[in-house]
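Every number for a ligand or one of its atoms is a count from 1 in the order of the listing. These numbers were taken from a predicted model, which means no experiment stands behind them.
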Amino acid sequence: MVRLGAQMSFLALLALTAAVSSALGAEDSVGATKLKPDFYVNTCPKLPFIVLEKVDAAIKKESRMAASLLRLHFHDCFVQGCDASILLDDDSRLPLGEKTSPPNLNSVRGYEVIDDIKAAVEASCPKTVSCADITTLAAFWSVHLTGGPVWIPLFGRRDSLTANFSAALDFLPSPFSTNQGLKDGFKKVGLGVTNLVSLSGAHTLGFSRCAGLIPRLYNFNGTGLPDPTIEKGLLSTLQTTCPQGGDGNVTVPLDPTSKTFDNRYFKELLLFKGILNSDEVLFTQAKDTKGLVETYAKNQTRFFNDFSASMIKMGNMKPKTGKQGEIRLNCRKPNSLLLEDAEPLIQLVSDA
Ligand code: HEM
Ligand SMILES: *[C@@H]1O[C@H](CO)[C@@H](O)[C@H](O)[C@H]1NC(C)=O
Ligand SMILES: *[C@@H]1O[C@H](CO)[C@@H](O)[C@H](O)[C@H]1NC(C)=O
Ligand SMILES: *[C@@H]1O[C@H](CO)[C@@H](O)[C@H](O)[C@H]1NC(C)=O
Ligand SMILES: *[C@@H]1O[C@H](CO)[C@@H](O)[C@H](O)[C@H]1NC(C)=O
């Protein structure tokens, strides 16, 4: 049993559920589906706690896993909605998937942890809980267990039948984006400026590889010089860790308290100590985002509130319904392939 406090807070959230679920509207932007806080209350009542135990153990084993699971949910949602498309392994019988797309390759982590959670959930509630919902809940607990806020997470997503290599390229924002580029990228998936700045605060956790920094450190935007906005001390530290032509897989923390979900990230931006170009431009390139950075640096509660609301909005992106999706039994494969591959050893009954 881990973190009685965390379990209690989840129960408190569920108690609130009945009162708020109608008030929330719980409807995605298309208005097609209603994700609900209590979707699994009858069919898998232990779900939140199974996932909590597993995420807690994974973070104890490697603290960075909290960051990786949070990012996994984001990279899932931005590409054809939160549908676990990112979890599908490439297979010659499927369209080329997202795992090997440049924004994800050698970068996104946590797939084994999701497999492990899925196995535990299947053991307790077979064929009931989608991989997309497991990913959502893993991100939720990762934020809470590192000191961040809780909100009322919504469930009822179905898993995609395919993934899309080129959509990952089209929809995942680049760390080299300008402020306007970031705004455009978020707008394309229905998210606004407050969502952009508060969700960027996820970079309070975790690491970046040198690969995503080297252009900024040595040849910013083709100038042959470092980004002039990087604070000088940080620049020299980063240049030491990430030499030109060095190992692109070496990592640097995204803020100085990278195991703790707090508002330090925003305080660093005020000091021109943002790690990614896409971090610092929130402060340097536009008044609206700059104002929010200053607000969150001063007021962590405000950051936590906006972050929570934005996580719900991001989590509501294009949920699949009915035959558009399924409850995958193995997060890495659509059920149709699982059937083909398992034949004739196991007879799976399609629940579609
Ligand atoms: C605003 C646009 C964003 C850009 C351009 C961006 C880009 C990046 C990049 C380049 C990395 C380092 C990856 C690597 O080197 O392998 C990273 C890490 C990370 N990102 Fe973002 N990101 C953005 C928004 C978000 C959002 C919305 C979230 C979640 C809500 C998020 C969560 C994370 C986390 C937690 C990490 C650390 C992951 C780890 O240590 O495994 N990011 N991001
Ligand atoms: C994959 O995504 C691209 C957009 O990035 C879209 O044009 C294409 O239709 C998608 N392919 C499938 C099969 O959904
Ligand atoms: C890079 O340079 C181009 C053209 O000089 C400019 O339009 C663009 O905004 C610059 N990008 C950044 C990130 O500063
Ligand atoms: C990082 O590591 C991966 C896998 O170990 C390797 O394939 C890749 O080439 C490395 N990337 C860089 C930028 O060094
Ligand atoms: C911080 O933000 C919260 C939530 O928006 C607000 O209630 C509180 O008054 C703010 N605190 C300060 C010192 O401005």
_pair Val129-Phe155: side-chain heavy atoms closer than 4.5 Å_ = no

_Using a 4.0 Å cut-off to any heavy atom of Asp170, which atoms of ligand 2 qualify?_
4 (C), 5 (O)

*Do Leu94 and Leu161 come within less than 4.5 Å of each other through their side chains, counting heavy atoms only?*
no

*Establish, yes or no, whether a centroid distance under 6.0 Å links the rings of Phe78 and Phe186.*
yes

*Which atoms of ligand 2 have any heavy atom of Asn164 under 4.0 Å away?*
1 (C), 2 (O), 3 (C), 8 (C), 10 (C), 11 (N), 12 (C), 14 (O)

*For atom 7 (O) of ligand 4, what is the nearest protein heavy atom, given as residue, atom name and distance?*
Asn106 ND2, 3.8 Å

*Any idea which protein heavy atom is nearest atom 5 (O) of ligand 5, and the distance to it?*
Arg302 CD, 3.3 Å

_Within the 3.5 Å criterion, strictly below it, is a donor on Asp262 or Thr257 matched to an acceptor on the partner's side chain?_
yes

*Does Leu169 reach the side chain of Pro102, with side-chain heavy atoms less than 4.5 Å apart?*
yes

*Check whether the side chains of Asn164 and Thr162 place a donor and an acceptor atom closer than 3.5 Å, and report yes or no.*
no

*Which residue supplies the protein heavy atom nearest to atom 1 (C) of ligand 4, what is that atom called, and how far is it?*
Asn249 ND2, 1.5 Å

*If hydrogens are left out, which of Asn305, Asp306, Asn299 has an atom nearest to atom 13 (C) of ligand 5, that is, the closest non-hydrogen atom?*
Asn299

_Quiz question for you: does at least one protein heavy atom lie closer than 4.0 Å to atom 9 (O) of ligand 2?_
no

_Proximal ligand 2 atoms for Ala167, defined as those under 4.0 Å from one of its heavy atoms_ = 2 (O), 5 (O)

*What pair of heavy atoms forms the shortest contact from Gln80 to Ala163, and how long is it?*
NE2-CA, 3.8 Å

*asked:* Under 4.0 Å from a heavy atom of Asp247: which atoms of ligand 4 are those, numbered in the order shown and with their elements?
replied: 14 (O)

